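Here the structure is laid out as C-alpha cells; the discussion comes afterwards.
Just so you know, these numbers use all the heavy atoms, side chains as well, and skip hydrogens, waters and symmetry mates. Worth saying up front: this structure is predicted, and the values here are computed from it rather than measured. Count residues from 1 along the sequence.
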Amino acid sequence: GIWLKKQEITKQLLDEVSDLFPTAKLEPYLDQVSENTAENVMLKLPFILIPQESTLSSVAVNLRDVIDGPIGLAWLGVGFALAAGFFTLRGVIKMSERRTAFVSSVTHELRTPLTTFRLYSDMLSSGLVKEPATKQKYLETLRTESERLTHLVENVLAYSRIERGGAAVKKSEDLSLGALLERVSERLEIRAKEADMELQVQVTEFDSERKLKLNTTAIEQILFNLVDNAAKYACDGGKVILLIAEFQKNNLRIAVCDQGCGVSRRERGRLFKPFHKTAEQAASTKPGVGLGLALCRRLARAMKGDLFYEKVEQGACFVLKVPAELK
C-alpha cells in the first residue's frame with residue numbers, strides 16, 4: 001500500500017476541475033460504496049465532491065459580452081438582413097400593385113377610343129351614314145378620340161423614358177417668353193374650347209420681351225397637361241382657365257389656375273403619384289390614368305425646377321417654376 005497526503009491530493013484534484021467547479025470541495029466519505037451511492041463519490045478514494053453551486057447558477061450572462069465582438073456583429077448582420085428583406089418585399093408588393101393599377105387603368109383608357117374607332121369607321125365605310133352633317137360629326141369624334149389616344153401614349157412613353165433614365169429633356173432653345181407663349185397658346189386654346197372654356201394668358205409686356213433659354217418641348221408638354229386637367233375637372237365650376245407667366249429673379253414661374261371646385265385635402269397627397277387611378281376610378285371619373293401630373297413633375301425636376309399645387313380661394317392652381325437662363 002501507499003500513503004497519500006490528504007491536503008496535496010485534494011488540492012490537485014480540485015485544480016483539475018476548477019474551470020467547471022470553482023467553489024467545489026472534497027469531503028471525506030467513510031460509508032461503503034454501493035450501487036445507490038451518489039454519483040459525485042469517488043471510487044478509489046474516500047472523498048465526495050461537493051460542488052457548492054450548480055453549473056447553471058454559477059454562469060452569469062453579461063449583455064455587453066453578447067453585444068460586443070463577433071456575436072454582436074452576427075446579430076447586427078441578421079438585423080440588417082431582416083430589415084433589407086422587409087423593405088425589399090414591401091417595395092416589390094408596391095411595384096406589383098402599381099403595375100396592376102397601371103395595366104387596368106390604361107386598358108380601360110385604350111378600350112374607349114378603340115371601340116369608338118371601330119364603331120364609327122364601320123358605319124362610315126359601310127355607307128350607313130348618309131347625311132353629310134352626321135358624317136362630319138362622326139369624323140370630328142374620331143379626330144377627338146385620336147388626339148386623346150395620342151396624348152395618353154405620349155405621356156406613357158415620356159414617363160417610361162424618365163423611369164429608364166433616358167433623355168427626358170431635350171436641347172434648350174433661345175427665344176422670348178412671348179414667343180414661347182404664342183407657340184403653345186394655340187394648342188392650349190383648342191383644348192380649352194373643346195370643354196367650352198376660355199384660356200386667358202396674363203404676362204407683362206416687359207416679361208414678354210425678355211429672352212430666355214430653356215426646353216420648350218418639355219414646357220409645352222407640362223402646360224398642355226395642366227390645361228387638359230383644368231378642362232376635364234373644372235368645366236363644371238368655371239369657364240375660364242388662367243395662365244399667368246412671370247419672372248422671379250432668374251426663375252420662370254407659370255401658374256395654371258381654374259375656377260372649379262378645387263382639390264380636396266385627401267386628394268392632394270396623391271396628386272403627383274403615378275397611376276393612382278384604378279380601373280373603377282378611371283371608369284367613373286374623367287378620362288385619364290393619373291399619370292399627367294407625375295410626368296409633369298418629373299419633367300420639371302429634370303430641368304432643375306419643380307411643379308407644385310398652390311392653394312387658392314376658389315378652384316385649383318398648379319405652379320411650374322424652372323430656372324431660365326436670361327439673355
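- Listed by first and then second residue, the side-chain hydrogen bond (donor to acceptor under 3.5 Å, both in side chains) pairs that reach into residues 118-128 come to none, sequence neighbours excluded.
- Annotation: cation-pi pair R210/F247 present, NZ/CZ under 6.0 Å from the ring centroid and within 45° of its normal.
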Residue pair K11, E8: steps toward the salt bridge (charged side-chain N to carboxylate O under 4.0 Å, His left out) verdict: CA-CA 5 Å; K11 182 178 181 302; E8 293 184 5; over 6 Å; no
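- Hydrophobic cluster of L242: the remaining members, joined at side-chain heavy-atom separations below 4.5 Å, are I244, listed by chain and number.
- More than 12 non-hydrogen atoms from other residues, nucleotides or ligands lie less than 6.0 angstrom from CD of Q248.
- Between E140 and R143 a salt bridge is recorded (basic side-chain N to carboxylate O distance below 4.0 Å).
- Within the structure, ring pair (Phe, Tyr, Trp, His ring centres under 6.0 Å) pairs that include any residue of residues 185-213 do not occur (at least two apart or interchain).
- With a 6.0 Å radius and a threshold of 12 heavy atoms from other residues, nucleotides or ligands, E182 has its CD atom at or below the threshold.
- When side chains are defined from C-beta on, L76 counts as touching F80, because their heavy atoms get closer than 4.5 Å.
- Cluster partners of W3: none. The rule joins Ile, Leu, Val, Met, Phe, Trp and Tyr whenever side-chain heavy atoms lie under 4.5 Å apart, and it links nothing here.
- Counting heavy atoms from C-beta on, the side chains of M303 and I222 come closer than 4.5 Å.
- Other residues sharing the hydrophobic cluster of I190, ordered by chain and number and joined by side-chain separations under 4.5 Å: none, the residue standing alone.
- For the pair M197 and A231, the tightest heavy-atom approach, listed with the atom from each and the gap, is SD-CA, 3.8 Å.
- Residues that satisfy the side chain to side chain donor-acceptor pair (under 3.5 Å) test with S18, not counting sequence neighbours, are absent from this structure.
- F308 forms part of a hydrophobic cluster together with V319, judged by ILVMFWY side-chain heavy-atom separations under 4.5 Å.
- Applying the salt bridge (charged side-chain N to carboxylate O under 4.0 Å, His left out) rule to pairs touching residues 301-311 yields R253-E310, R297-D306, R301-D306, sequence neighbours excluded.
- The two atoms that bring S185 and L199 nearest to each other are O-CD2, 4.2 Å, heavy atoms only.
- Other residues, nucleotides and ligands contribute at most 12 non-hydrogen atoms within 6.0 Å of the CD atom of E131.
- By the salt bridge (charged side-chain N to carboxylate O under 4.0 Å, His left out) test, E189 pairs with no residue at all, sequence neighbours left out.
- Scored by the salt bridge (charged side-chain N to carboxylate O under 4.0 Å, His left out) test, E220 finds R187 as partners (sequence neighbours excluded).
- In terms of the salt bridge (charged side-chain N to carboxylate O under 4.0 Å, His left out) criterion, D196 has no residue partners (sequence neighbours excluded).
- For K137, there are no salt bridge (charged side-chain N to carboxylate O under 4.0 Å, His left out) partners at least two apart in sequence or on another chain.
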